[in-house]
Amino acid sequence: MGYYDGNTVTALWNYAQHYAMADHLFATDYSSSAGGLIDLIAGTTQGVRPRVLPGVSFKDLLLENNPPQFDDASRGKFKVWVDRTNIGQLLSKHDVSWGFFAGGFTPSGYSQSGTALFDKRSLNSQGSLVGDYEPTSDPFQYFKGTANPHHLAPDSLDRIGLSGRANHQYDLRLLWKALAAGKLPAVSFVSPVVGQNGHVGRSSPRDEQKFIVATVNRLMRSSVWPSTAIMLVWSNSNGWYDHVTPPKAPKGMDGTGYGPRLPFVVISPWARSNFVEHSMLDQSSVLRFIEYNWGLSYLGKQTPDRYAHSLRGMFDFHSQRVQKPLLLDPNTGLVRTTTKGRDLAQQKT
């Protein structure tokens, strides 16, 4: 087994020292990568259809990486969809703008029948060519109400975050166009191309660091930074097992019960500095934060967001002092400072 620490993925250590991290956040379910992403937007995969299918078992949960039914990029016989409400649908119901921005979401072309085609690839840090998009990386494609099967672009920048033919699903490049045009949605989910998603075999934590730092730097330099909260979340452990035993799930809560401990970092001008949240949290704590901040309802009667502990302890909205931007080098994760007009990287003390 290989491990990555502050000497190799230095950016996460620097973010944790400057902003806030949690040391007891757990996966909401024991699940796959695709299932973990669905947990992040719906609290649980319970309700996956069809019920009787390889990869679907135990209380109708998605336990493998079956591709979504509502995506032209999906391959194989065992496609699935999820019959429940996700956070995007709640946001739309309450007229809150939102969007999911995925790397490689724009098709390379269309077939004569109108099916989206995907053949774009990029080099990862190991020199391997990896396809930019995979359908299991966009959890909203599993839900009929939020899917964009043919990967249609929005009618205009003015429609980003709102209802329309793109149905809130966009290419990652549109995140930056929306930001430049002052059209960034209130809630944005951001996912990299496959070669930067950190998954073993296709990417690495170093690839992941490049994506995280480049994204955070760009947001920090923008006009939205003073009112932004960036949450670094992972879909599952991806085999990087942890020694802390997950807690028992509350009786009656949907799902399989809490899975392995996961990293979690909040980067914001309002995040507590060099702060570690020791309270028990899980992936659905992010859902609870969104629900609380925008006055939404819960996702269901027994969904994990009802039981989740709050993230509010990681913020300080009452202090006059707010955290300054921490610009890092995407390759090294070291702090960038400006001297005589030149950017230099130096180790944070």
Side-chain angles (χ1 to χ4, degrees), residues 1-27 33 36 124-127 190-192 195-221 225 228-246 259-283 285-286 311 313-316 322-339 343-349:
M1 295 179 70
Y3 290 91
Y4 290 78
D5 61 14
N7 294 312
T8 49
V9 282
T10 312
L12 292 177
W13 265 252
N14 277 325
Y15 286 141
Q17 290 170 10
H18 197 76
Y19 300 104
M21 65 165 284
D23 65 356
H24 276 76
L25 183 137
F26 297 87
S33 299
N124 62 18
S125 62
Q126 290 82 47
V190 183
S191 176
Q196 290 186 314
N197 66 12
H199 282 279
V200 173
R202 294 163 292 173
S203 180
S204 75
R206 286 195 181 97
D207 294 301
E208 184 181 63
Q209 174 174 269
K210 288 182 181 180
F211 168 74
I212 290 172
V213 173
T215 302
V216 172
N217 282 354
R218 206 159 175 177
L219 289 169
M220 284 181 170
R221 290 187 176 109
W225 170 244
T228 294
I230 301 169
M231 298 180 184
L232 302 184
V233 294
W234 281 259
S235 63
N236 72 345
S237 67
N238 199 216
W240 301 92
Y241 296 109
D242 186 73
H243 66 282
V244 176
T245 303
R261 186 173 65 157
L262 301 175
F264 182 70
V265 181
V266 172
I267 302 170
S268 172
W270 305 99
R272 295 184 184 276
S273 179
N274 196 27
F275 176 80
V276 180
E277 175 60 79
H278 299 299
S279 300
M280 183 265 162
L281 304 169
D282 71 287
Q283 290 168 309
S285 294
V286 176
L311 301 178
M314 301 179 75
F315 294 89
D316 182 3
V322 297
Q323 299 304 316
K324 296 180 180 179
L326 181 70
L327 300 175
L328 304 179
D329 183 281
N331 293 305
T332 65
L334 302 178
V335 179
R336 297 184 77 88
T337 60
T338 301
T339 304
D343 277 340
L344 302 174
Q346 65 179 32
Q347 181 70 46
K348 184 182 178 183
T349 58

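Predicted model only: the values in this text are computed from it and were never measured.
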Step by step, would you call D207 with Q126 a side-chain contact (heavy atoms from CB on, under 4.5 Å)? CA-CA 9 Å; D207 294 301; Q126 290 82 47; 3.7 Å; yes
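Applying side-chain contact (heavy atoms from CB on, under 4.5 Å) to Y19 and the options N14, I267, I230 leaves one that passes, I267. If you run side-chain contact (heavy atoms from CB on, under 4.5 Å) between N197 and each of S203, S191, S204, S33, only S203 comes through.
For the pair D329/V213, no side-chain contact is recorded, criterion being any heavy-atom separation below 4.5 Å from C-beta on. Between E277 and L25, every side-chain heavy-atom pair lies at or beyond the 4.5 Å cut-off. Within the 4.5 Å cutoff, no side-chain heavy atoms of N124 are placed close to those of Q196. The shortest side-chain heavy-atom distance between L311 and V286 falls under the 4.5 Å cut-off.
Using modelled atom types, one side-chain atom of N217 and one backbone atom of L328 make a donor-acceptor pair closer than 3.5 Å. Under the 3.5 Å distance criterion, the side-chain polar atoms of Y15 are left unmatched by any main-chain donor or acceptor of L232. A donor-acceptor pair is defined here as one N or O able to donate and one able to accept, closer than 3.5 Å; such a pair exists between the side chain of Q283 and the backbone of S235.
D23 meets the side-chain contact (heavy atoms from CB on, under 4.5 Å) test with M21, R261, V276, H278; sequence neighbours excluded. Applying the ring pair (Phe, Tyr, Trp, His ring centres under 6.0 Å) criterion to F315, with sequence neighbours excluded, gives F289, F317.
For the pair K210 and N331, the tightest heavy-atom approach, listed with the atom from each and the gap, is CE-OD1, 3.0 Å. In plain terms, the two heavy atoms of V233 and F264 that are nearest each other are CG1-CE1, 3.3 Å. Annotation for E208 and W234: closest pair OE2-NE1, 2.9 Å, computed over non-hydrogen atoms.
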